[in-house]
Q: 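Input: one structure, supplied below.
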Amino acid sequence: MAAPEPDRNDTTEATEDGTSAPPAAGPDAKAVPPQAVYLGGAAMTIGGLLGALIQLLIGAVPQPWSTVLIAVGIVIIIVQLLWSLVPVKDGRRTARSTGFVVIAVAVACAFLLGFILHPMVLRFYQQFGSCGDPVELTVLVPEDGAAWFQESITDFNREYGEGDCRAANVTAYSAPWPEAEKAMAQGWQPPPDGEEDRPFEAMRDVGPRPHFWIAESQTQVELADELLGDPASGVNYEVFEPKDAEPIGRTPLVLAVPEAVFDTQGFNEKSQTTDRPLHELINELDDAYGTPVLRSDPAVSTTGLLFFRALDDHGSAALAESRLADAAASTGIALSPSDTGLLCEVARSQGAIPYAAVLTTEMALAHYNTGKALGDDCPGADDTRSGLVPVYSTGLGSLDYRGVRLDWTGDPWDEQRTAVADDLQSWLAGESGGSNPEALGMRSEDYERDALAGDYRFDTAFDAESDPLSAAEFDALQADYGRSRLPTTVLLAVDRSGSMNEEVGGGRTRFELATDGVVTALDYLGVNPQDQAALWTFPVSGSGSHEPVFDMTADPPEDVAERLRAAPTSEGVDLHQTVVDGIAELDAAGLDDGSNAMVVITDGADTDRSGTTAGEVRQRLAESQAQLYLIAVGDAACRSATFAALDEDPRVTCLEAEEEQISATFDGLFNQLWSGR
C-alpha cells in the first residue's frame with residue numbers, strides 16, 4: 001500500500017528513529033537568545049527573593065521603616081507586573097516598550113511613595129527643617145498648690161504651638177514666699193566678687209531667675225516691687241510694674257471642721273457661713289467639742305498671716321496663739337510652712353477622716369479632697385478624701401493669685417518670652433479655652449458658681465472678696481505675730497565626726513557649711529525676747545554623748561563659728577543618746593507656755609555606737625512637748641535606716657539637704673521656728 005502523502009501543514013520532521021521533532025530553523029526564523037531567557041528568569045527570581053526578604057523584615061522593624069519596606073515591596077510588584085506585560089518581539093523587548101515601562105514605573109512609584117511617605121516626610125521636615133528653637137520660660141509658683149500649677153503648665157506645654165513643633169519649653173519650680181522675698185531683695189543676681197560664700201544666695205538656694213511669677217496676692221507683688229526698687233538689690237531698672245500683675249483666680253480662707261463635729265454635734269448650728277469672730281470659733285471647737293485647730297506658720301505662709309490678722313483685729317491674738325500651740329503639741333503636728341504641707345501631715349497622721357480642724361484655703365482643701373499628691377513628699381491616696389466641711393466667713397479674706405511677667409534687662413529673648421508669658425497667663429486664667437482656675441480648685445475672676453475640682457460641700461455661692469494688705473500692713477502684721485508668738489527654745493546639735501570633714505562643692509567641707517547654717521539660724525533668735533538657744537557637737541571622746549559649745553541662753557556669743565571650728569573631731573556617732581540628752585535639756589530649760597525644738601544635723605555616715613535605741617528615743621519624745629528635726633546631709637536620706645526608725649514618730653521631721661543648700665535649709669527651718677524675717 002502506498003504511503004500517504006505528508007500533510008503540508010505538518011511542521012514536524014521524522015528523525016532517524018522514527019520519532020517526530022520540531023523542524024529545523026529556516027533561513028527566516030528568529031531564535032530566542034538564551035541571554036534573554038536567563039535575564040528574565042533571573043529578574044523574576046531576584047524580585048521574588050527581595051519580596052520574601054521584605055516580607056520578613058516588615059514584621060521585625062519598627063515604624064517608620066515598616067512603612068518604607070511596604071512601599072518598596074509595592075514598587076517591586078508593580079515593576080514585575082509591568083515588565084511581564086511588555087510585548088516581546090523577535091525574542092527581545094524593544095527600546096520603545098522598555099522606555100515606556102521605565103516612565104510608567106517612575107510615575108507610579110512617585111505617586112505611590114509620595115502618598116505613603118508624605119506624613120513621615122512632613123514630620124521629619126517639621127522636626128528638623130521648619131521647627132525653630134522653643135522659647136524657654138521659667139515660672140516661679142507658690143509652694144501651696146505647686147503640684148497642680150505644675151500639672152497645668154505641663155498641659156500648656158503639650159498644647160502650645162502648631163503641629164509637632166514645640167513652640168515653648170515652660171518649666172516651673174516652687175518656693176515659699178520668704179525665700180522668694182529674699183531673692184527679690186538680692187535682685188536675683190549672682191553674688192558680687194568677694195561675697196561668693198554669703199549664707200543666702202538666690203540662684204543657688206531658691207532657683208534660676210524666673211521669667212514669670214505666680215504671686216499669692218497683690219500684697220506680695222507690692223512687696224517684691226519695693227524690694228527690687230531698693231538700691232541694695234543692685235537692680236537699677238524696672239523689672240515689672242505692680243499694676244501690670246494680671247489676675248488668675250482666687251480662693252477664700254476657710255475653717256475646715258471634721259464632718260462628725262459639724263453634722264452630728266452641730267458646730268456653729270450646722271451653718272457653713274458665719275460672721276462670728278475667728279477666736280470664738282476656735283474656742284468653741286476646743287471647749288465644747290475637744291477639737292484641736294491647726295494652722296500653717298504665719299511667719300512663712302500668707303494664709304497663716306491672714307488668719308493671724310483675723311485674730312489680731314479682735315485683740316485676741318495672744319490667747320488664740322496659746323490655744324493653737326497647744327493644739328499643735330497635742331496632735332504632734334509642727335507648724336507647717338504651707339497649707340498643703342499641713343494637710344499632708346493631717347492625712348499622714350490622722351487618715352482620710354481627721355479629728356482635727358484646719359484653718360486653710362478652699363483650694364488647698366480641694367487638693368486634699370481629690371486624694372492626689374499634695375507635693376513631692378506627700379503621695380496621694382487611692383481614693384478621694386472627705387471628712388472636712390468648710391466654714392466660710394467674710395472676715396477671713398482670700399488669696400488672690402496674680403501673674404507677673406519679670407523683665408530682666410539684657411534678655412535677647414524678651415519679646416518672645418513676653419508673648420509666651422501672656423499666653424500662659426490667659427491659659428491659667430481660663431481666657432484661652434485651655435485650662436481654667438476651677439480645674440485647680442480655684443475660683444476664676446468672673447466666677448459664677450461653676451463646679452470646682454475637689455468640691456466636697458463647698459459653698460460656691462459664697463462671695464470670696466479680695467482684701468490685699470499694703471506692704472506696711474504686711475510688715476506690721478509680721479512684727480505683731482513675732483510679739484504675740486509663744487517663746488521658742490531651740491537646741492542645735494552638729495555632727496563633728498570625721499566624715500563631716502569631707503570636701504564638697506567649692507572645696508568646703510560639710511562641717512563648714514553646717515557652721516554657716518548655724519550662724520544663719522542664730523540670726524533669727526530674739527523676735528520674742530524670751531527665745532533661747534544652745535549649741536552642742538557630737539560625738540565626743542570618753543563616755544559622754546556630746547560637748548556643749550554654749551549653754552542655753554537668750555544671747556549667744558559672737559564667736560560661734562570660731563567655737564565650732566575649735567571643737568575636736570571624734571569617731572563614731574551617738575545620735576540616739578544625744579537626742580535623749582537633748583530632750584532632757586529642753587524640758588529643763590524650756591518655758592511652760594513656750595515651744596521646744598531640737599535640731600540635729602548629721603551625714604548619717606557612722607553607725608550609732610550607743611546602747612540607746614530608736615524606740616527609747618520615741619518613748620522619750622512621747623513624754624515631752626519637744627519637737628525633733630533631723631537634717632540629713634551628704635549621701636544620707638530620710639528613708640535610710642539611720643533616720644527612718646525615728647521619722648515614724650509624728651513629732652520627728654526629717655529634712656534632706658544637698659551640701660550646697662545646708663544654709664538655705666537652716667534658714668527656712670529657723671525662719672519657721674523663730675518667726676524671723
Side-chain angles (χ1 to χ4, degrees), residues 142-145 216-217 250-259 261-262 267-268 272-287 289 291-314 316-331 333-347 349-350 354-369 374 387-399 441 456-459 462 464 467 477 480-481 484-486 672 675:
E143 190 169 44
D144 265 324
E216 290 179 303
S217 66
R250 65 182 54 157
T251 183
L253 274 61
V254 299
L255 169 61
V257 181
E259 196 167 29
V261 175
F262 186 86
F267 171 73
N268 197 44
Q272 282 191 251
T273 57
T274 183
D275 56 1
R276 295 171 61 192
L278 179 59
H279 72 274
E280 282 189 13
L281 300 175
I282 294 174
N283 292 345
E284 180 181 338
L285 284 168
D286 188 14
D287 296 337
Y289 307 106
T291 301
V293 180
L294 304 173
R295 173 206 58 189
S296 56
D297 185 4
V300 183
S301 163
T302 302
T303 302
L305 192 65
L306 291 176
F307 280 121
F308 174 78
R309 178 185 66 170
L311 297 171
D312 200 37
D313 285 347
H314 290 85
S316 55
L319 292 176
E321 287 298 318
S322 178
R323 284 187 183 260
L324 292 169
D326 289 343
S330 67
T331 57
I333 297 177
L335 278 174
S336 173
S338 70
D339 292 298
T340 47
L342 175 61
L343 286 167
C344 177
E345 290 300 321
V346 170
S349 61
Q350 300 182 14
Y355 59 82
V358 183
L359 291 167
T360 185
T361 67
E362 184 182 66
M363 180 177 172
L365 191 58
H367 294 187
Y368 170 86
N369 287 340
L374 294 173
L388 290 175
V389 179
V391 174
Y392 299 80
S393 172
T394 54
L396 298 182
S398 64
L399 293 185
Y456 179 71
R457 300 180 65 172
F458 289 176
D459 183 0
F462 179 77
D467 186 16
L477 272 177
D480 288 346
Y481 173 66
S484 67
R485 179 192 52 77
L486 297 177
Q672 172 186 337
S675 301

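Keep in mind that what you see is a predicted model, and the values were worked out from it rather than measured. We count residues from 1, following the sequence as given.
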Q: Testing the basics here: between Gly441 and Ala366, what is the closest heavy-atom pair and its distance to 0.1 Å?
A: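 Looking at all heavy atoms of both residues, the shortest contact is CA-CB, 4.1 Å.
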
Q: With side-chain contact (heavy atoms from CB on, under 4.5 Å) as the test, would you mind laying out the steps for Asp286 and Val293 before giving the verdict?
A: CA-CA 8 Å; Asp286 188 14; Val293 180; over 6 Å; no

Q: Do Leu324 and Phe307 have side-chain heavy atoms sitting under 4.5 Å apart?
A: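 Contact flag for Leu324/Phe307 side chains = no.
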
Q: Do Tyr456 and Leu365 have side chains that get closer than 4.5 Å, going by heavy atoms?
A: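 When only atoms from C-beta onward are counted, Leu365 and Tyr456 do not touch, as no gap falls below 4.5 Å.
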
Q: Distance from Leu305 atom CG to Leu477 atom CG, nearest 0.5 Å?
A: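 Between Leu305 CG and Leu477 CG, I get 5.0 Å after rounding to 0.5 Å.
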
Q: Evaluate the side-chain contact (heavy atoms from CB on, under 4.5 Å) criterion for residues Asp287 and Arg323: first the C-alpha distance (whole Å), next the side-chain angles of each, then the deciding distance (0.1 Å), finally the verdict.
A: CA-CA 10 Å; Asp287 296 337; Arg323 284 187 183 260; 3.0 Å; yes

Q: Is it true that Glu321 and Arg295 have a side-chain N and a carboxylate O under 4.0 angstrom from each other?
A: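 A salt bridge links Glu321 with Arg295.
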
Q: Is there side-chain contact between Leu253 and Thr303, with at least one heavy-atom pair below 4.5 Å?
A: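 Yes, side chains in contact.
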
Q: Angle class for the Tyr392/Phe462 ring planes (parallel below 30°, perpendicular above 60°, tilted otherwise)?
A: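 If you compare the ring of Tyr392 with that of Phe462, the planes turn out tilted.
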
Q: Does His367 reach the side chain of Leu343, with side-chain heavy atoms less than 4.5 Å apart?
A: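 No, their side chains stay 4.5 Å or more apart.
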
Q: Flag the pair Phe308 / Asp480 as yes when at least one side-chain heavy-atom distance between them is below 4.5 Å, and no otherwise.
A: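 Counting from C-beta outward, Phe308 and Asp480 do come under 4.5 Å.
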
Q: Would you say that Thr360 contacts Tyr368 through its side chain, given a criterion of any heavy-atom pair below 4.5 Å between the two side chains?
A: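 Side-chain contact under 4.5 Å: no.
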
Q: For residues Ser393 and Thr274, determine if any side-chain heavy atom of one lies less than 4.5 Å from a side-chain heavy atom of the other.
A: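 Touching, per the 4.5 Å side-chain cut-off.
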
Q: Is there a side-chain contact (heavy atoms from CB on, under 4.5 Å) between Arg309 and Leu306? Walk through the geometry before answering.
A: CA-CA 5 Å; Arg309 178 185 66 170; Leu306 291 176; 3.8 Å; yes

Q: Measuring from atom CD of Glu216 to atom OG of Ser338, what distance do you get when rounded to the nearest 0.5 angstrom?
A: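 Glu216 atom CD to Ser338 atom OG measures 9.5 Å (nearest 0.5 Å).
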
Q: Tell me, do Asn283 and His279 make a side-chain contact under 4.5 Å, heavy atoms counted?
A: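 Contact flag for Asn283/His279 side chains = yes.
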
Q: Tell me if a side-chain donor or acceptor on Gln272 pairs with a main-chain N or O of Pro390 at a distance below 3.5 Å.
A: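 Between the backbone of Pro390 and the side chain of Gln272 there is a qualifying donor-acceptor contact (under 3.5 Å).
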
Q: What heavy-atom pair brings Asp144 and Asp339 nearest, and what distance separates the two atoms?
A: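 Residues Asp144 and Asp339, closest heavy atoms: OD1-N, 2.7 Å.
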
Q: Return yes if some donor-acceptor pair links the side-chain N/O of Thr251 with the main-chain N/O of Met363 below 3.5 Å, else return no.
A: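 Yes, the answer is positive, given that a donor and an acceptor are paired below the 3.5 Å cut-off.
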
Q: To the nearest 0.5 Å, what is the distance between CD on Glu259 and CZ on Arg457?
A: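 Glu259 CD to Arg457 CZ: 5.0 Å, rounded to 0.5 Å.
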
Q: Run Leu294 and Glu345 through side-chain contact (heavy atoms from CB on, under 4.5 Å) and show every step you take.
A: CA-CA 11 Å; Leu294 304 173; Glu345 290 300 321; over 6 Å; no

Q: With rounding to the nearest 0.5 angstrom, report the CG to CG distance, Leu342 to Leu359.
A: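 It is 9.0 Å, given to the nearest 0.5 Å.
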
Q: Minimum heavy-atom separation for Thr291 to Ala357, with atom names?
A: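 That closest heavy-atom pairing would be CG2-N, 3.7 Å.
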
Q: If you take all heavy atoms of Ser398 and Pro252, which pair is closest and at what distance?
A: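 Closest approach of Ser398 to Pro252, heavy atoms only: CB-CA, 3.6 Å.
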
Q: Ser301 and Ser296: which non-hydrogen atoms are nearest, and at how many Å?
A: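 Shortest heavy-atom contact: OG-OG, 3.0 Å.
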
Q: Nearest 0.5 angstrom please: Leu278 CG to Leu281 CG, how far?
A: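 The CG atom of Leu281 is 6.0 Å from CG of Leu278, to the nearest 0.5 Å.
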
Q: Of all the heavy-atom pairs spanning Leu388 and Ala356, show the shortest one and how long it is.
A: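 In terms of heavy atoms, the two residues are closest at CD2-O, 3.8 Å.
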
